[in-house]
Asks: 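There's a structure below that I have some questions on.
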Amino acid sequence: MAAAERDGPGQGRQSPVTGPGERLALNGMGSFEWDLDAGTLALDEAGMAVFDLEPGEFDGTPEGLGLRIPAKDGTRLADTVVAVLENGEETYGAYFTVQRRDGRDQWTHTQGRVLRDGTAHPYRIVGIVRDATGELAQATLLRKLETARAQQTTIVQRTTEALSRAVTVDDVTAALTGAGALERLGADGLALGLVEGGTIKMIALSGETLEILGERNLTRLDGSLPLSHAVLTRQARFVTSLTALGEEFPLLREYLARIQYDAAAYLPLIAQAKAIGGLVLFYRRRSEFSPEERNLCLGLAGIVAQSLQRALLFDQEREFATGLQAAMLPRRIPEITGGEIAVRYHSAWSGREVGGDWYDVIALPRDRVGIVVGDVQGHDTHAAAIMGQLRIALRAYAGEGHPPSTVLARASRFLAELDTERFATCMYAQVDLETGGVRAVRAGHIGPLIRHTDGRTGWPNVRGGLPLGLASVFAQEEFPETRLDLVPGETLVLCTDGLVEEPGTAITQGMEALAHAVRSGPQGAGALADHLLDRLWERWGSGDDVALLVLRRAPDPGTHRAPRIHQYVHQADPEGLSEARYALRQALRDWGMPDLADDVELAAGELLVNALLHTDGGAVLTMEVLPEPVRRIRLWVKDRSSVWPRRRSPGEAATTGRGLLLVDALATHWGVESRGDGKAVWCEFDATGGPRGGW
């Protein structure tokens, strides 16, 4: 027995002395010496073991290591050595793989020192090699754990951020199923259900092949399916074999063959100690759920549950608020003759309360109609309550037959007498669709927009007064009327500022956007109203209530034998005259009478200029074909002045006064007729080329 073995415990056992080679070998290291001039490489016994080489397999050259080092790693290692030698460096280190004879890849590390002579010429490299598999395996595991933690943190942060902006249940489902949502959740598929009574209603599905789960939109909350079981027991379930799950839940079997997933997490959604729904996250190529992954899924379920709880409460409050708002708006719009009306109301998405915007359509005596949009200050139930009272009062005053100025003055006094500090803006107009006459007044509100028959739009200058309520407080209950003409086929648009205004931008920008949308929109009143809300209400962020009223006077094209066109020329519209002349020439060409275009244009221009210069307002131009008894063209220019024109005899030096002389010379007949609160000057042109004459 050796001395070391004979010594008992505590008797000062002496260990044999180990040499440097043995110490390296005990630590899985070997050494090498590379003669650069001779091209030989010497490995000690431990180094041979690192490369898994037998003495007869190694020829003592660097190329001989190619038996164990893959070509790609060998090239990379050679490049490292060459760079060190060329740069004059003294040491290097590198990792590479060694393919052992049992087929296992072994990570290996080498570290060498370059020996140089007095001229700095490298002649030898001395170094060590060692098995680094365990070292890199541990580092790889740590990197994987760190990556997993970072990924889980990112998933929680991104999901929380996306759901923080969700207000309604629809917002929550959009955040969970929209673009990039599954990637954000770290899943391949998703199903979300809400508890409704004794059932679970699926409200969101996302992921390939999951649409088939929509076939069971409602399922009983009886535990017969894994999601309902998780909700009932309030226990999450992590499944790595859906096939095995089908054995436990037979109702699930018919779907398993059609959904292409390997694993799933069934998560109850608990909020305020109550199960409000369930969430399923589906995965592909997953065979296990680590403790960290389970905690991540549970955390995601908690975030979704809290967001859904807030959204459900918001939707309930909103449903109540919008129901209250709807109860205060007119239940139906009266039918009108000679046109069509469409009304729309949208409440703001950004608040829970109702607002003070409203619209109304009021049947008036003598087949007229009153149209109104308004906005009570504030965005709460108090504003809505005041709106309801003010709408009824204004309707009553209008129904009594008062002129528009009186209607708003009385409505202002009514609001001022209420126990409130709120005021209201309003736009009110009485419309006679038979004649096209409009009597408009406004109280601190945006004016109307008119789309003409040729597609042009304009904001007529409607004079206004102070907002309702304030006008009475400051004793300025004056609401001057503005007379407008709505020719057949033209459209009148009234709205509240929510359709044209966005905080931080000028209202003129929204007004220009509205005018553009009206120009490009469809002809029908209802279709145009939907078009405007789709384009503008969502464009401005839906941050305010919107009341919208669209009235279109029925077109009057005449008949096939007696066609007719109408054109309104505004007094302040410089393009109106040229547009009117173009419309006349185009119509005469379409009617097969282009030879009359020059005479008709000249006469129309003279009559329009007279109306625009000598009256206070615009003019309505009408041209029609009169087929009986002789086919002829009749031109009408209607204005709101009761003063009749008179034909004068200007001197040679006069620059005006020749308009009616030109009309008399060009037309076969002309004349003047009274038309309600104005007159119409007309002239006729014989399409057969008959004689011309006076009136």
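The chain is numbered in sequence order, starting from 1.
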Asks: Should the ring pair Phe414 and Tyr397 be called parallel, tilted or perpendicular, given that the plane angle runs from 0 to 90° and is split at 30 and 60?
Replies: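 Geometry flag for Tyr397 against Phe414: perpendicular rings.
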
Asks: Keeping the roles fixed (side chain from Ser307, backbone from Ile303), state whether a donor-acceptor pair exists under 3.5 Å.
Replies: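 Flag set: sc Ser307 to bb Ile303 pair under 3.5 Å.
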
Asks: Between Val376, Leu418, Thr420, which is the residue that forms a side chain to side chain contact (heavy atoms under 4.5 Å, CB included) with Gln389?
Replies: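 It is Leu418, the one option of Val376, Leu418, Thr420 that forms the side chain to side chain contact (heavy atoms under 4.5 Å, CB included) with Gln389.
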
Asks: Could you report the tightest heavy-atom contact between Arg310 and Leu163, atom names first, then the distance?
Replies: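 Taking every non-hydrogen atom into account, NH2-O, 4.0 Å.
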
Asks: What I want to find out is whether Arg634 reaches Glu624 closely enough, with some N-O distance under 4.0 Å, to be called a salt bridge.
Replies: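 No.
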
Asks: Quick check against the 3.5 Å criterion: does Arg395 have a side-chain atom that pairs as donor or acceptor with the backbone of Ile362?
Replies: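 No.
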
Asks: Can a donor-acceptor pair be found, under 3.5 Å and without considering hydrogens, that links the side chain of Thr199 to the backbone of Lys201?
Replies: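 Pair absent, no side-chain N/O of Thr199 close to backbone of Lys201.
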
Asks: For the CD atom on Gln586, are there more than 12 heavy atoms of other groups (residues, nucleotides or ligands in this structure) within a distance under 6.0 Å?
Replies: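 Result for CD/Gln586: enclosed.
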
Asks: Closest heavy-atom contact between Leu192 and Leu308?
Replies: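 Of all heavy-atom pairs spanning Leu192 and Leu308, the closest is CD1-CD1, 4.0 Å.
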
Asks: Between Leu607 and Trp682, is there a side-chain heavy-atom distance shorter than 4.5 Å?
Replies: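 No, too far: nothing below the 4.5 Å cut-off.
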
Asks: Taking the side chain as C-beta and beyond, is there a heavy-atom pair between Pro404 and Phe479 under 4.5 Å?
Replies: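 Not touching, per the 4.5 Å side-chain cut-off.
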
Asks: Using a cut-off of 6.0 Å, state whether more than 12 heavy atoms not belonging to Asp590 lie near its atom CG.
Replies: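 For Asp590, atom CG is crowded (more than 12 foreign heavy atoms under 6.0 Å).
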
Asks: Do the charged groups of Glu490 and Arg552 touch, with an N to O distance under 4.0 Å?
Replies: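 Result for this pair is no, no salt bridge flagged.
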
Asks: Return yes if a side-chain donor-acceptor contact under 3.5 Å exists between Thr173 and Asp170, otherwise no.
Replies: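 No, Asp170 and Thr173 have no side-chain donor paired with an acceptor closer than 3.5 Å.
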
Asks: So, Gln309 versus Gln272: side-chain donor-acceptor pair below 3.5 Å or not?
Replies: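 There is such a pair (donor and acceptor under 3.5 Å, judged by atom type) between the side chains of Gln309 and Gln272.
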
Asks: Would you name the heavy atoms of Ala515 and Trp459 that are closest together and state the gap between them?
Replies: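 Minimum heavy-atom separation between Ala515 and Trp459: CB-NE1, 4.2 Å.
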
Asks: Quick check for you: to the nearest 0.5 Å, what is the distance between Ile386 atom CD1 and Leu415 atom CG?
Replies: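 It comes to 6.5 Å.
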
Asks: Is a side-chain donor or acceptor of Lys679 paired with a backbone partner of Ser641 at a separation under 3.5 angstrom?
Replies: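 Present.
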
Asks: Give the C-alpha distance, both sets of side-chain angles, the deciding distance and a yes or no for side chain to side chain contact (heavy atoms under 4.5 Å, CB included) between Arg451 and Leu528.
Replies: CA-CA 11 Å; Arg451 181 173 67 185; Leu528 179 59; 4.0 Å; yes

Asks: Between His566 (side chain only) and Met623 (backbone N and O only), is there a donor and an acceptor less than 3.5 Å apart?
Replies: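 Pair absent, no side-chain N/O of His566 close to backbone of Met623.
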
Asks: For the residue pair Thr496 and Asp545, what are the closest heavy atoms and their distance?
Replies: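 Result for this residue pair: OG1-O, 3.9 Å.
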
Asks: To check you understand the geometry: which heavy-atom pair defines the closest contact between Ile276 and Ala271, and what is its length?
Replies: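 For Ile276 versus Ala271, the nearest heavy atoms are CD1-CB, 4.1 Å.
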
Asks: Could you tell me whether Asp485 and Arg640 have a side-chain N and a carboxylate O separated by less than 4.0 Å?
Replies: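 Yes, this pair counts.
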
Asks: Start with the C-alpha gap between Leu269 and Val304, add the side-chain angles, then the distance that decides, and say whether side chain to side chain contact (heavy atoms under 4.5 Å, CB included) holds.
Replies: CA-CA 7 Å; Leu269 300 179; Val304 173; 4.1 Å; yes

Asks: Using a cut-off of 6.0 Å, state whether more than 12 heavy atoms not belonging to Glu183 lie near its atom CD.
Replies: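 No, the 6.0 Å shell around CD holds no more than 12 heavy atoms from other groups.
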
Asks: Between Glu477 and Arg413, does at least one N-O distance fall below 4.0 Å, as a salt bridge requires?
Replies: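 Yes, this pair counts.
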
Asks: Less than 4.0 angstrom from a charged side-chain N to a carboxylate O is my criterion; do Arg410 and Glu400 meet it?
Replies: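 Salt bridge present between Arg410 and Glu400.
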
Asks: In terms of side-chain heavy atoms, does Arg422 have a donor or acceptor partner in Gln377 at a distance below 3.5 Å?
Replies: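 Per modelled atom types, Arg422 and Gln377 side chains form no pair under 3.5 Å.
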
Asks: Is a side-chain donor or acceptor of Asp315 paired with a backbone partner of Val169 at a separation under 3.5 angstrom?
Replies: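 Yes; at least one donor-acceptor contact below 3.5 Å.
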
Asks: Do Asp432 and Val438 pass the side chain to side chain contact (heavy atoms under 4.5 Å, CB included) test, and can you show the C-alpha distance, the side-chain angles, and the key distance before you say yes or no?
Replies: CA-CA 6 Å; Asp432 186 340; Val438 179; over 6 Å; no

Asks: Between Thr453 and Gly489, is there a donor-acceptor pair closer than 3.5 Å when you use the side chain of the first and the backbone of the second?
Replies: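 A pair under 3.5 Å: no.
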
Asks: Closer than 4.0 angstrom, basic N to acidic O: yes or no for Arg564 and Asp556?
Replies: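 Here Arg564 pairs with Asp556 in a salt bridge, since their nearest N and O are under 4.0 Å apart.
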
Asks: If I compare all heavy atoms of Leu176 with all of Leu190, which pair ends up nearest, and what's the gap?
Replies: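 In terms of heavy atoms, the two residues are closest at O-CD1, 4.1 Å.
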
Asks: May I have the step-by-step check of side chain to side chain contact (heavy atoms under 4.5 Å, CB included) for Val195 and Val231, ending in yes or no?
Replies: CA-CA 9 Å; Val195 173; Val231 173; 4.0 Å; yes

Asks: State whether the side chain of His531 and the backbone N or O of Ala517 hold a donor-acceptor pair below 3.5 Å, judged by distance alone.
Replies: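 The answer is yes, because a donor-acceptor pair under 3.5 Å joins these two groups.
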
Asks: Is any side-chain heavy atom of Leu394 closer than 4.5 Å to one of Leu408?
Replies: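 Yes, side chains in contact.
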
Asks: Please walk me through it: do Asp360 and Arg391 pass salt bridge (Lys or Arg N to Asp or Glu O under 4.0 Å)?
Replies: CA-CA 8 Å; Asp360 208 349; Arg391 184 184 73 82; 3.0 Å; yes

